[in-house]
Amino acid sequence: MAGASNAVTSASTRVGASESIGVKRKLKAYVALTKPRIIELLLITTLPTMLLAARGFPSVWLMLGVLVGGALSAGSANAFNCYLDRDIDRVMKRTEKRPLVTGELSDREALVFAWALGVISTAVLWLVANPLTAGLSVGAILLYVVLYTMLLKRRTDQNIVWGGVAGCMPVLIGWASVTNSLSWEALVLFLIIFLWTPAHYWPLSVKYRDDYDRADVPMLSVTEGEGSVALQSVIYAWATVIGSLVLIPLAPMGWVYTVAALGAGAWFVIEAHLLYANVVRATGASNPMRVFHLSILYLTIVFIAVGVDPLVFLPIG
């Protein structure tokens, strides 16, 4: 682990930067700590869920409040994650520019920031929605920080499967904010994201296999290889699409959602099969990042349809 030692030494020599950098750069470091791209994806699933729960538009105040509170909650979880994973972030090329590695933020600053976001997000969601919504938000933070980061990530190659539960929580938060309850529709939306997560993240882990291996993180691409990742991507892609179709009779959903779920789902499954075929044939043409990027587009299309369908409901039959 000489590389890790060198990385730690290099980072420690830059800790002073935390005190000397300008305000603008410091603010950018705090924003980076929250992992904004992940937050964007979480919010994409929250708002459509609220529209479905309301079968229309909830109040603007509620929508804005839940989106802000949800973003702060996710930012808190991500900041805690950066704090707890700062040792492995220093030895992975993918994460070597994170603020705690570069020294733009100190460990103390990151920890205080994470706690502050967590407390503020809970208060916001309690005030604009209800205690159930705030409680689910706290649960999401705990699932990501404790279950995934502290317990699973460094111990099992199924880390992203069960740790991914935290990423499913925004739909429950969105639904509860509107109805002050949970329902089967919300649980199906939860299931869609739960099944989608491995097919989304494991292909990415292939690209960063050496990083995870160097950091001793047992991602499936490290423990089983690209062939297993490709096969699991096929299985979870099919499971995701089947799960998405369950919502049609349950909600019920109309033609807008049905067409989107079937069309985007077919594309998702076909691309997963192509990845597996190329890996098995060892053609050298496998492109796991294509499946990774497509999975984001797939989920975006499905959840846009979740939000649009109740607004222009066109019943089937």
Side-chain angles (χ1 to χ4, degrees), residues 38 41-42 44-45 143-144 147-148 151-171 184 186-209 212-213 217-250 253 257-258 260-303 305-306:
I38 295 178
L41 191 59
L42 296 177
I44 284 173
T45 63
L143 284 168
Y144 189 63
L147 179 65
Y148 174 65
L151 297 179
L152 297 177
K153 184 172 182 177
R154 309 190 195 203
R155 289 180 172 85
T156 171
D157 60 13
Q158 296 299 300
N159 47 23
I160 201 64
V161 177
W162 301 107
V165 169
C168 308
M169 294 296 286
V171 295
W184 286 110
L187 294 177
V188 169
L189 293 172
F190 179 100
L191 180 66
I192 292 170
I193 302 174
F194 176 78
L195 295 171
W196 167 86
T197 301
H200 162 69
Y201 196 85
W202 274 336
L204 175 69
S205 75
V206 172
K207 179 178 180 179
Y208 296 105
R209 182 189 181 282
Y212 287 118
D213 192 25
V217 176
M219 284 294 174
L220 190 67
S221 57
V222 175
T223 61
E224 300 292 338
E226 188 176 356
S228 181
V229 167
L231 177 59
Q232 293 294 325
S233 296
V234 169
I235 294 171
Y236 277 102
W238 271 105
T240 302
V241 174
I242 292 170
S244 72
L245 299 181
V246 172
L247 191 64
I248 297 172
L250 182 66
M253 306 300 285
Y257 176 83
T258 301
L262 286 172
W267 188 19
F268 188 22
V269 167
I270 289 170
E271 288 294 339
H273 275 279
L274 288 174
L275 172 63
Y276 179 68
N278 287 330
V279 170
V280 169
R281 294 169 187 165
T283 61
S286 66
N287 185 4
M289 288 302 292
R290 179 179 174 85
V291 175
F292 168 76
H293 290 300
L294 172 63
S295 68
I296 297 174
L297 181 57
Y298 163 78
L299 195 71
T300 302
I301 291 172
V302 167
F303 271 86
V306 166

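The first residue of the sequence shown is numbered 1, and numbering continues consecutively from there. Quick caveat, the model's predicted, so the values are computed rather than measured.
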Report task. Could you check if a side-chain atom of Pro288 sits within less than 4.5 angstrom of a side-chain atom of Glu226, using non-hydrogen atoms only? Result -> yes
Query raised in the report: Going from CG on Leu245 to CG on Leu262, what distance comes out if it is rounded to the nearest 0.5 angstrom?
Result: 5.5 Å
Query raised in the report: To the nearest 0.5 Å, how far apart are CG in Leu231 and CD1 in Ile235?
Result: 4.0 Å
Query raised in the report: For atom CZ of Arg154, is the number of surrounding heavy atoms from other residues, nucleotides or ligands below 6.0 Å larger than 12?
Result: yes
Query raised in the report: Quick one: CH2 on Trp196 to OG on Ser244, what's the gap to the nearest 0.5 Å?
Result: 13.5 Å
Query - Separation of Trp238 CH2 from Ser233 OG (nearest 0.5 Å) - result: 14.5 Å
Requested in this report: Determine whether Phe292 and Val206 make a side-chain contact, defined as any pair of heavy atoms from C-beta on separated by less than 4.5 Å.
Outcome: no
Query raised in the report: Are Ile44 and Leu299 side-chain neighbours, meaning at least one heavy-atom pair lies under 4.5 Å?
Result: no
Report summary line: dist Met253:CE -> Thr258:OG1 (nearest 0.5 Å) comes out at 7.5 Å
Requested in this report: Check whether any side-chain heavy atom of Phe268 sits under 4.5 Å from a side-chain heavy atom of Ser295, and report yes or no.
Outcome: yes
Report summary line: Of Thr240, Val306, Thr197, the one forming a side chain to side chain contact (heavy atoms under 4.5 Å, CB included) with Ile192 is Thr240
Query raised in the report: Does any non-hydrogen side-chain atom of His200 lie less than 4.5 Å from one of Ile296?
Result: yes
Donor-acceptor pairs under 3.5 Å, side chain of residues 158-167 to any protein atom, not counting sequence neighbours: which ones?
unit_1	atom_1	unit_2	atom_2	d
Asn159	ND2	Lys153	O	3.0
Asn159	ND2	Thr156	O	3.1

Report summary line: With sequence neighbours left out, the residues meeting side chain to side chain donor-acceptor pair (under 3.5 Å) with Thr223 are Asp157
**Report entry** Pairwise distance CG(Leu189) to OG1(Thr45) - rounded to 0.5 angstrom
**Finding:** 9.0 Å
Report task. Taking the side chain as every heavy atom from C-beta outward, state whether Met219 and Tyr201 have any pair of such atoms under 4.5 Å apart. Result -> yes
Requested in this report: Apply side chain to side chain contact (heavy atoms under 4.5 Å, CB included) to the pair His273 and Val269, showing each step before the final yes or no.
Outcome: CA-CA 6 Å; His273 275 279; Val269 167; 3.5 Å; yes
